[in-house]
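Read through the structure below, which is laid out as structure tokens, and then see the notes.
Chain letters run A, B, ... following the sequence lines, proteins first, then strands; residues in each count from 1.
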Amino acid sequence: MIVRVRFAPSPTGYLHVGGLRTALYNYLFARHHGGKMILRIEDTDRTRLVEGAQENLIKSLEWAGINFDEGPHIGGDFGPYIQSERFDLYKKYGMELIESGHAYYAFDTPEEIDAMREKQKSTGDFKYQRDLMKNSLNLTTEETKKQIEEGHPYVIRMKVPHEQEIVFQDIIRGEVKVIGKEVDDQVLLKSDGFPTYHLANVVDDHLMQITHVIRGEEWLPSTPKHTLLYRAFGWDVPEFAHLPLLLNKDKSKLSKRQGDVAVEDYVAKGFFKDAFINFIALLGWNPTGDREIYSFDELIEFFNLEKVNKAGAVFDLEKLTWVNAQYLRTKSMDELADYIIPYLESQNQNYINRDFLKQVIDLFKERIENMLDLYETTNYMFAKPTEFDLEALKKNWKEETTEIMPKYLEFLKTQSDWTHSPLYEATKIFCEEQNFKIKFIVNPLRIMITGSSKGAGMFETMELLGKKECIDRIEYFWANISLK
RNA sequence: GGCGCAUUCGUCUAGUGGUUAGGACGCUGGCCUCUCACGCCGGUAACAGGGAUUCGAAUUCCCUAUGCGCUACCA
């Protein structure tokens, strides 16, 4: 049997980080087993449609490298893959359930439902009271027929067997049991003719021959309903795997209030997709516990649902940042330049030219965690510094420095080889001759040239900047900046 | 309120009856060193609580607590 899994978002906006992980686990599972990955759009709630949401979703998924074998954007043998385009199907299956006695018509108005709930409040039981309401269970066949013919709005509800214990297996959680009377008579078909999630996902998962339903933990409580539905239709029940939730710092469900939740936000923040995927994959699952960095292929190779954790995982931005830094260090200068140049251009920032930028990146890739930080920490490579860290400078300013520094400047002017290694050697010799520690030359020099007390190797920096630029900067500093 | 699921360092996790409870992020001490980083070496810190089973429980069972989820003609 070929494994077929699906990612089934509703098009209400952007791709949520939690949604990405669900899609990822589905994808890893499918690829691991050589199965198929299907995208299905669940747009049965006509009141919550957002323009462009579907395109946005697909864009984010593609960015992440999650490719589909079937879906609305590429077709397939089990389409259509958008539920609103399968409209007629659901009604047919709803009717089938009525005929087999597993569902019934209900004619209650929203007000009547509210009133019923209000009355039930004291008992703590908010479920639909099938015996007290206006539905085809209580009405005669003629009355029911009349209601429909007269055009009264109605829904189709599932008739949950109260006495039955409903048991299903979850790959991650094991056996889950619920007693029938705890399960509500869920609406299956709404009065606008659209199905609810419960009917639609069961019908579609069956028709699309989905073998494993891998979805968020929030679906665990409604899985008994789905199990019942499969049985009512006489269909095989797929395997279930309910994934733990992604959490905020305070352990509540990951939400907008406490940070970014849209995948596109993290793209905009400069996180690499491979780093992001690596990080997300390890939130709730880990093949061994002694490694943090896995390539996409390795994730596929090692993935298994049995090792997925049961408890929710806090989304830790600091660790993501660290993972990103790990990836940054392994990427080539060309990759990094390709990544950052469009950004710099969009910001109208002068990076001199690609070659120069690449050399700057080479100098700084060990010093930054996110490429978007590059320009800020290296701006003195592209323009003369305007501010100087005088506090740091004073710390390394000896009495003799005032005398030695001009000598060193003259010495530098005589240097013909401006590559870093000879420059360094020459400086060492100069310092020996002056009987002066090299750090007391290099540190002040750094601040004069870059303005900052931090940075890459001084001589590498000088080489890149060029002799004239360095001399100019030192002279400018000497002439204009007062040490007090 | 009801039902369900969960609970190992602050965080991500390894662990499936016998371990000095391991790794990683963070924090931190040191080394390296022209600064800052990187890297390397070290430190910090956890089995929610209580019973039961067992010669022996982080690992099995029960209870409690806590957290989370669901409880819509949303998904």
Side-chain angles (χ1 to χ4, degrees), chain A residues 8-12 42-45 47-48 106 108 110 113 117 121-128 153-157 170 172-173 176-179 182-184 186-198 200-201 215-224 242 244-245 247 249-253 279 282-293 307 309-323 325 329 364-369 377 389 392 395-396 424 427-428 431 437-447 450 452-459 461:
Chain A
S10 59
T12 54
E42 310 223 325
D43 59 346
T44 53
D45 183 357
T47 65
R48 297 213 307 175
D108 317 283
I113 301 279
R117 291 227 170 80
K121 221 173 190 171
S122 56
T123 69
D125 182 5
F126 303 111
K127 288 190 290 298
Y128 181 77
Y154 66 88
V155 299
I156 291 178
R157 283 182 183 273
D170 185 279
I172 297 168
R173 287 149 215 284
V176 180
K177 287 184 199 171
V178 175
I179 181 77
E182 300 294 345
V183 179
D184 202 0
Q186 188 61 239
V187 169
L188 262 19
L189 217 59
K190 300 182 260 189
S191 54
D192 65 0
F194 276 90
T196 57
Y197 171 84
H198 308 284
N201 102 86
R215 76 233 296 195
E217 189 186 349
E218 67 267 29
W219 294 110
L220 196 59
S222 49
T223 305
H242 289 91
L245 264 15
L247 274 21
K249 257 198 169 61
D250 68 357
K251 302 245 181 192
S252 58
K253 188 172 168 181
F279 172 71
L282 264 34
L283 238 36
W285 170 75
N286 196 303
T288 60
D290 60 5
R291 261 181 78 183
E292 308 296 326
I293 304 299
K307 291 205 79 173
N309 284 135
K310 297 171 170 68
V314 173
F315 186 98
D316 182 3
L317 199 59
E318 284 183 336
K319 185 133 183 191
L320 202 211
T321 302
W322 177 82
V323 172
R329 281 167 203 141
F364 282 87
K365 61 194 280 191
E366 306 266 290
R367 267 162 260 261
I368 56 174
E369 296 173 309
T377 60
D389 186 347
K395 275 180 201 156
N396 285 297
Y424 178 42
T427 301
K428 271 204 289 203
C431 288
K437 276 193 173 157
I438 192 166
K439 62 187 283 193
F440 294 125
I441 283 288
V442 172
N443 288 333
L445 188 67
R446 174 183 297 283
I447 290 158
T450 71
S452 169
S453 64
K454 306 170 183 174
M458 194 61 236
F459 301 99
T461 303

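- With hydrogens and angles left out, the side chain of A:R173 and the base of B:C5 share no donor-acceptor pair within 3.5 Å.
- Residues A:F126 and A:D184 fail the side-chain proximity criterion, which asks for heavy atoms closer than 4.5 Å.
- Summarising the base pairing, B:C61 is matched to B:G51 through a Watson-Crick or G-U wobble pair whose two defining distances lie under 3.5 Å.
- Listed pair A:R215 / B:G69 fails the phosphate criterion, with no side-chain N or O lying under 4.0 Å from OP1 or OP2.
- Nucleic acid contact class of A:D45 (heavy atoms, under 4.0 Å, all strands): sugar-phosphate only.
- Across B:A75, B:G26, B:C73, the shortest atom-to-atom separation from the side chain of A:S10 is found for B:A75.
- The side chain of A:K253 contributes an N or O atom lying less than 4.0 Å from OP1 or OP2 of B:C70.
- Inter-residue side-chain proximity for A:R215 and A:N201 is flagged as met; some heavy-atom pair is nearer than 4.5 Å.
- Counting heavy atoms from C-beta on, the side chains of A:E292 and A:V323 never come closer than 4.5 Å.
- Applying the 4.0 Å criterion to OP1 and OP2 of B:U13, one finds that A:N309 has a side-chain N or O inside that range.
- B:A46 and B:U54 have their C1' atoms separated by 25 Å, with the value rounded to a whole Å.
- The side-chain heavy atoms of A:F459 and A:V442, taken from C-beta on, include a pair separated by under 4.5 Å.
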Is there a side chain to side chain contact (heavy atoms under 4.5 Å, CB included) between A:I447 and A:S453 once you walk through the steps?
CA-CA 6 Å; A:I447 290 158; A:S453 64; 4.2 Å; yes
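- Contact annotation: the side chain of A:T223 approaches that of A:H242 to within less than 4.5 Å [non-hydrogen atoms, C-beta and beyond].
- Nucleotides B:G15 and B:G22 have their C1' atoms positioned 8 Å apart, rounded to a whole Å.
- Atom CG in A:N201 sits roughly 14 Å away from atom C1' in B:C74 (whole-Å rounding).
- Using a 4.0 Å cut-off, some side-chain N or O of A:K190 falls inside it from OP1 or OP2 of B:C74.
- When heavy atoms are screened at a 4.0 angstrom cut-off, A:P195 is found touching the sugar-phosphate backbone but no base atom.
- If you take CG of A:D316 and C1' of B:C12, they are 7 Å apart, rounded to a whole angstrom.
- Comparing the same atom, P, in B:C27 and in B:A21 gives a spacing of 27 Å after rounding to whole Å.
- For the P atom pair drawn from B:A48 and B:G43, the interatomic distance equals 24 Å after rounding to whole Å.
- In this structure the side chain of A:K127 reaches within 4.5 angstrom of the side chain of A:E182, judged on heavy atoms.
- Across the P atoms, B:A58 and B:G18 are found 10 Å apart, a figure rounded to whole Å.
- Contacts of A:D389 with the nucleic acid, taken as non-hydrogen atoms under 4.0 Å apart, are absent.
- One finds no salt bridge joining A:D192 and A:K190 here, because no Lys/Arg side-chain nitrogen approaches an Asp/Glu carboxylate oxygen to under 4.0 Å.
- B:U16 is unpaired under the Watson-Crick or G-U wobble criterion, no partner having all donor-acceptor distances under 3.5 Å.
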Whether each nucleotide of nucleotides 31-44 of chain B has a protein heavy atom under 4.0 Å at its base (B), only at its sugar-phosphate (S) or at neither (-) is summarised, 5' to 3', as ---BBBBS------
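- The A:E217 side chain lies nearest to B:C5 when the options are B:G23, B:C5, B:C68.
- Checking B:U13, B:A75, B:G2 against the side-chain heavy atoms of A:H198 singles out B:A75 as nearest.
- Of the candidate nucleotides B:C12, B:C73, B:U7, B:U7 has the atom nearest to the side chain of A:K310.
- Comparing the C1' positions of B:G26 and B:G10 gives a spacing of 8 Å, expressed to the nearest Å.
- Distance noted for atom P between B:C74 and B:A24: 50 Å (whole Å).
- Here the straight-line distance linking atom CZ of A:F194 with atom CG of A:D45 works out to 10.0 Å at 0.5 Å rounding.
- Side-chain atoms of A:E292 lie closest to B:A24 of the nucleotides B:C73, B:C70, B:A24.
- Residue A:T44 has a polar side-chain atom (N or O) positioned under 4.0 Å from OP1 or OP2 of B:A75.
- For the P atoms, the distance from B:U44 to B:G23 is 11 Å, rounded to whole Å.
- Looking at which nucleotide of RNA chain B each of A:D250 and A:L283 is closest to, the 5′-most match is held by A:L283.
- For the pair A:I293 CD1 and B:U13 P, the interatomic distance rounds to 15 Å; values are reported in whole Å.
- Look at B:G1: its Watson-Crick or wobble partner, with both distances under 3.5 angstrom, is B:U71.
- The CG atom of A:L220 sits 19 Å away from the P atom of B:A75 (whole-angstrom rounding).
- Pairing of B:C40, defined by two Watson-Crick or G-U wobble distances under 3.5 Å, is identified with B:G30.
- Following rounding to the nearest Å, A:Q186 (CD) and B:C73 (C1') show an atom-to-atom distance of 9 Å.
- In this model, the phosphate group of B:C73 is approached by a side-chain N or O of A:R157 to a distance below 4.0 Å at OP1 or OP2.
- In the set B:C73, B:U13, B:A75, the nucleotide with an atom closest to the side chain of A:W219 is B:A75.
- Residue-level contact check: A:V155 touches the bases, meaning some heavy atom is under 4.0 Å from a base atom.
- Across all strands shown, B:C25 forms a Watson-Crick or G-U wobble pair with B:G10, both key distances being under 3.5 Å.
- Using a 4.0 Å cut-off, some side-chain N or O of A:K307 falls inside it from OP1 or OP2 of B:G15.
- B:A46 makes up no base pair with any nucleotide shown, lacking Watson-Crick or G-U wobble contacts both under 3.5 Å.
- Proximity of A:K439 to A:C431: side-chain heavy atoms (C-beta onward) are nowhere separated by under 4.5 Å.
- Straight-line distance from the CD1 atom of A:I179 to the P atom of B:U71: 21 Å, rounded to whole Å.
- Within the 4.5 Å cutoff, the side chain of A:F315 has heavy atoms near those of the A:L320 side chain.
- Here A:V176 lies in heavy-atom contact (under 4.0 Å) with sugar-phosphate atoms only.
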